[in-house]
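Working notes, structure below.
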Amino acid sequence: MSGRRARPVATEFFNRRPEDVAADIIGCTISFGGAGGVIVEAEAYGQRDPASHSFRGETPRCRSMFGPPGTIYVYRTYGLHWCLNLVTEPEGVGAAVLIRAIEPTHGVDRMRARRAGIDDDRLLCGGPGRLTQALAVDDSIDGLSLADAGLTIGERTAQLDVVGVPRIGISQATELPWRMVARGSRYLSRPIPRSSAA
DNA sequence: CGAATGATGGTCT
DNA sequence: GACCATCATTCGT
């Protein structure tokens, strides 16, 4: 039960453009529900971004996206998975970063229990729905601050090589390289596309 | 390897 | 009524 001790990032860390936060959050630690690891994949979603829930303005679902920097936005996708986002930019601007994959470092037994039947540890948290299941994230923390939710983002502990590639699972603005990944990580939701590998 | 598919239900037009 | 910021499984090469 020994967690990492990285100092939490300051709130100002999130008060920037989502693509910058997504790039800089790679290599940071995340901890929630007695488990956590190192963030190796994150995607940016902006206010003017046709792929973003906030693109057409505030609705009941995406209301949290317009909260202050560091607000948690959790939504349900495909009727059965939760996705975890962290709001960037000032209150009133609908922008966020989707946490897509982490390398598990602590509470691994808990994660294995929550993801019963998964043998390969690379699949424990390799994907937005998988990691929320492993960390026990659900909509009960939607709209909360990190502190209120007990969700910790720790300062970067490892200097990783970050690459921006096209986002996954969207049909609009697919050319934007706003999926930020740690080059060489074995824990990504999907490999870096060949066209962007070198 | 990759492509195809069912599960499952909210959200928004 | 269409569209999903997904996952696990099955089937084909």
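Atom set for the values below is all heavy atoms of this structure, side chains included, hydrogens, waters and symmetry mates excluded. This one's a predicted model, so the numbers in the text were calculated from it and none came from an experiment.
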Excluding sequence neighbours, so at least two apart, what forms salt bridge (charged side-chain N to carboxylate O under 4.0 Å, His left out) with [X]?
| X | value |
| --- | --- |
| A:Glu43 | A:Arg100 |
| A:Arg76 | none |
| A:Asp138 | none |
| A:Glu155 | A:Arg7 |

Task: Interface with DNA chain C, restricted to residues 32-62 of chain A and to heavy atoms under 4.0 Å - done: A:Tyr45, A:Ala51, A:His53
- [ ] Could you check which residues of residues 86-103 of chain A get a heavy atom under 4.0 Å from DNA chain C? Sort them by number, please.
- [x] A:Leu98, A:Arg100
Give the cluster check for [X] versus [Y]: same hydrophobic cluster or not, with ILVMFWY residues linked at side-chain heavy-atom distances below 4.5 Å.
| X | Y | answer |
| --- | --- | --- |
| A:Met65 | A:Val137 | no |
| A:Met180 | A:Ile25 | yes |
| A:Ile99 | A:Val162 | yes |

Task: DNA chain B: 5'-most and 3'-most nucleotides touching chain A, 4.0 angstrom heavy-atom criterion - done: B:dA7 to B:dT13
Task: Any residue meeting side-chain hydrogen bond (donor to acceptor under 3.5 Å, both in side chains) with A:Arg156, in chain and number order, not counting sequence neighbours - done: none
Task: Whole-Å P distance, B:dT8 and C:dG1 - done: 22 Å
Open item on the list: Near DNA chain B, counting only heavy atoms under 4.0 Å, which residues of residues 74-82 of chain A show up?
Closed with: A:Tyr78, A:Gly79, A:Leu80
- [ ] Verify whether one side chain among A:Thr132 and A:His81 offers a donor that lies under 3.5 Å from an acceptor in the other.
- [x] no
Open item on the list: I'd like to know if the side chain of A:Gln133 pairs up with that of A:Arg114 as donor and acceptor (distance under 3.5 Å, no hydrogens or angles considered).
Closed with: no
Task: Nearest-Å distance for atom pair CG/P, residues A:Leu84 and C:dC7 - done: 13 Å
TODO: Grab the CG-P distance between A:Leu176 and C:dA5 for me, whole Å please.
DONE: 15 Å
- [ ] Report the secondary structure of DNA chain B in dot-bracket form, marking unpaired bases with a dot and bases paired to a different strand with |, and treating Watson-Crick or G-U pairs with both distances under 3.5 Å as paired.
- [x] |||||||.||||.
TODO: Could you list who else is in A:Ile118's hydrophobic cluster, with ILVMFWY side chains joined at under 4.5 Å, directly or through other members?
DONE: A:Leu123
Taking only nitrogen or oxygen atoms into account, show me every contact under 3.5 Å that the protein makes with nucleotides 8-11 of chain C, one pair per line with its distance.
unit_1, atom_1, unit_2, atom_2, d
C:dA8, OP1, A:Arg115, NH1, 2.9
C:dA8, OP1, A:Arg115, NH2, 2.9
C:dA8, OP2, A:Arg130, NE, 2.6
C:dA8, OP2, A:Arg130, NH2, 2.8

- [ ] Would you tell me if any nitrogen or oxygen in the side chain of A:Ser171 comes within less than 4.0 Å of OP1 or OP2 on C:dC4?
- [x] yes
Task: Reference residue A:Leu84; test side chain to side chain contact (heavy atoms under 4.5 Å, CB included); the match among A:Leu98, A:Val97, A:Asp142, A:Leu151 - done: A:Leu151
TODO: Would you mind checking if A:Asp119 and A:Arg112 are paired as a salt bridge, meaning a charged N to carboxylate O distance below 4.0 Å?
DONE: no
